[in-house]
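Report on one structure; see the data block that follows.
Ligands are counted one by one from 1 in listed order, and the atoms in each one are counted from 1 as well. Every value quoted in this text rests on a predicted model; they were computed, and no experiment measured them.
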Amino acid sequence: MIVAIDGPAGAGKSTVAQRVARELGFQLIDTGAMFRAVAWKALDLGVDVGDGEGLGEVARSLEFGFAFEAGRNVARCNGEVLGDEIRTQRVSEVASRVSAHPSVRQALLEAQRRMGEASSSVLEGRDIGTVVFPDAEVKVFLTASSTQRAERRAAQLIERGEQADVGRIRDEIEARDARDEEREHAPLKQAADAVAIDTTSMGVDDVVSAIVGRARQV
Ligand code: DC
């Protein structure tokens with residue numbers, strides 16, 4: 001079974017997807033982490049964000065794995081654990097730019113389908129219900145106001161000891177959403193048959209039980 005959880009940055013996808021996957025006993029494929037890993041590796045290698053061919057090569061050279069360890073979803077790339085180094089503002093921005101290249105999307109799409117076909121999975125991202133698994137049994141599109149999303153991101157950054165200015169983060173989130181929505185290939189979009197859940201004033205428990213409930217009815 002595939003549970004697709006899509007939506008813009010900061011809508012609560014990661015928290016919700018972790019809990020849903022744990023409750024259902026499914027694998028959790030954090031597709032944003034895969035785009036972030038490509039961005040991080042490209043920055044490390046000095047590959048330009050405009051070099052589609054070079055970025056595609058980087059994406060194809062990465063082998064991904066996801067597994068729950070001590071209750072937390074751990075992402076691995078070429079055997080190494082991906083940590084907070086892929087969660088900085090810089091990597092977020094570069095990931096959004098890198099993800100516009102069809103060469104990168106194609107390489108990651110293949111990896112996402114391979115992993116999702118191997119076992120029941122929750123996938124969180126932007127184009128899971130529309131492109132990666134259009135036949136997913138459960139499709140959810142999470143949204144929240146941009147102020148609420150910026151406040152959540154700020155709280156996450158502060159927790160990691162980074163500086164956070166909510167106004168600036170909101171501007172950055174809005175710019176990133178616009179880029180993700182306006183790109184030509186697999187843009188951020190709600191699938192016609194996805195259920196939209198606005199998490200602005202909903203608790204995590206309610207969102208999780210709504211999704212788990214749907215999955216159990218399938
Ligand atoms: O979910 P996230 O913030 O970790 O994602 C980082 C970037 O990766 C996001 O700005 C757009 C891109 N992305 C994508 O294009 N498609 C996905 N399925 C997941 C993420």
Side-chain angles (χ1 to χ4, degrees), residues 2-18 20-21 28-43 49 52 55-56 58-59 62 64 66 73-75 77 82-116 121-134 136 139-144 146 149-150 152-157 160 162 169-191 194 199:
I2 297 289
V3 176
I5 302 180
D6 290 306
K13 295 190 301 290
S14 303
T15 310
V16 167
Q18 288 245 10
V20 169
L28 170 57
I29 302 170
D30 174 0
T31 64
M34 297 169 76
F35 286 96
R36 287 170 181 276
V38 174
W40 182 72
K41 193 78 189 166
L43 284 167
V49 289
L55 292 170
V58 172
L62 305 179
F64 292 94
F66 294 92
N73 192 40
V74 176
C77 177
L82 292 172
D84 287 343
E85 70 277 8
I86 63 161
R87 304 278 163 199
T88 62
Q89 289 293 103
R90 174 93 180 110
V91 173
S92 301
E93 203 211 311
V94 175
S96 171
R97 294 182 186 278
V98 155
S99 70
H101 291 284
S103 53
V104 172
R105 302 209 70 85
Q106 185 59 34
L108 298 189
L109 170 85
E110 287 169 18
Q112 289 156 11
R113 285 197 180 143
R114 243 191 336 267
M115 288 187 280
S121 303
V122 174
L123 286 94
E124 61 151 300
R126 302 289 189 289
D127 61 337
I128 309 305
T130 50
V131 175
V132 183
F133 283 106
K139 292 188 190 180
V140 178
F141 195 81
L142 294 187
T143 58
S146 57
R149 294 190 286 126
R152 288 180 190 158
R153 267 288 139 103
Q156 281 174 354
L157 290 172
R160 290 207 304 265
E162 283 191 53
I169 294 174
R170 192 182 51 229
D171 292 346
E172 280 164 3
I173 279 184
E174 287 175 354
R176 189 144 73 91
D177 288 349
R179 202 162 41 230
D180 292 346
E181 282 164 7
E182 287 159 17
R183 69 169 175 244
E184 192 184 340
H185 305 280
L188 165 64
K189 198 172 102 195
Q190 182 180 337
T199 69

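What sits closest to atom 19 (C) of ligand 1 on the protein, heavy atoms only, is Thr31 OG1, 3.3 Å. Atom 13 (N) of ligand 1 has as its closest protein heavy atom Phe35 CD1, 3.6 Å. Taking atom 10 (O) of ligand 1 as the reference point, the nearest protein heavy-atom neighbour is Arg176 NH1, 2.7 Å.
Here the side chain of Lys13 pairs a donor or acceptor atom with the backbone of Gly7 at under 3.5 angstrom. Listed for the Arg149 side chain is a donor-acceptor partner under 3.5 Å among the backbone atoms of Ala144. Of the possible polar contacts, none joining the Arg152 side chain to the Ala155 backbone as a donor-acceptor pair under 3.5 Å is found. Between the side chain of His101 and the backbone N or O of Val49, at least one donor-acceptor pair lies under 3.5 Å. A donor-acceptor pair under 3.5 Å is formed between the side chain of Arg113 and the backbone N or O of Val132.
Atoms of ligand 1 lying under 4.0 Å from at least one heavy atom of Ser99, given by number and element, are 11 (C), 12 (C), 15 (O). Which parts of ligand 1 touch Asp180 is read off a 4.0 Å heavy-atom cut-off, strictly below it: atoms 9 (C), 10 (O), 11 (C).
Heavy atoms of Arg36 found under 4.0 angstrom from ligand 1 belong exclusively to the side chain. Both the backbone and the side chain of Ser96 come within 4.0 Å of ligand 1, counting heavy atoms alone. With a 4.0 Å heavy-atom cut-off, ligand 1 is reached by no atom of Glu124. At a heavy-atom cutoff of 4.0 Å, ligand 1 is contacted by the side chain of Arg105 but not by its backbone. Residue contacts with ligand 1 for Arg183 involve side-chain atoms from C-beta outward but no N, CA, C or O (heavy atoms, distance under 4.0 Å).
Scanning Arg126, Arg87, His185 for the heavy atom closest to atom 2 (P) of ligand 1 points to Arg126.
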**OP:** Starting from the C-alpha separation in whole Å, work towards a yes-or-no answer on side chain to side chain contact (heavy atoms under 4.5 Å, CB included) for Arg105 and Leu109.
**Re:** CA-CA 6 Å; Arg105 302 209 70 85; Leu109 170 85; 5.8 Å; no

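Taking the charged nitrogens against the carboxylate oxygens, Arg176 and Glu172 have no contact shorter than 4.0 Å, which rules out a salt bridge.
The shortest N/O to N/O separation between Ser92 and ligand 1 does not fall below 3.5 Å.
Heavy atoms only, all atoms of each residue included: Ile29 and Ser121 are closest at CD1-OG, 3.9 Å.
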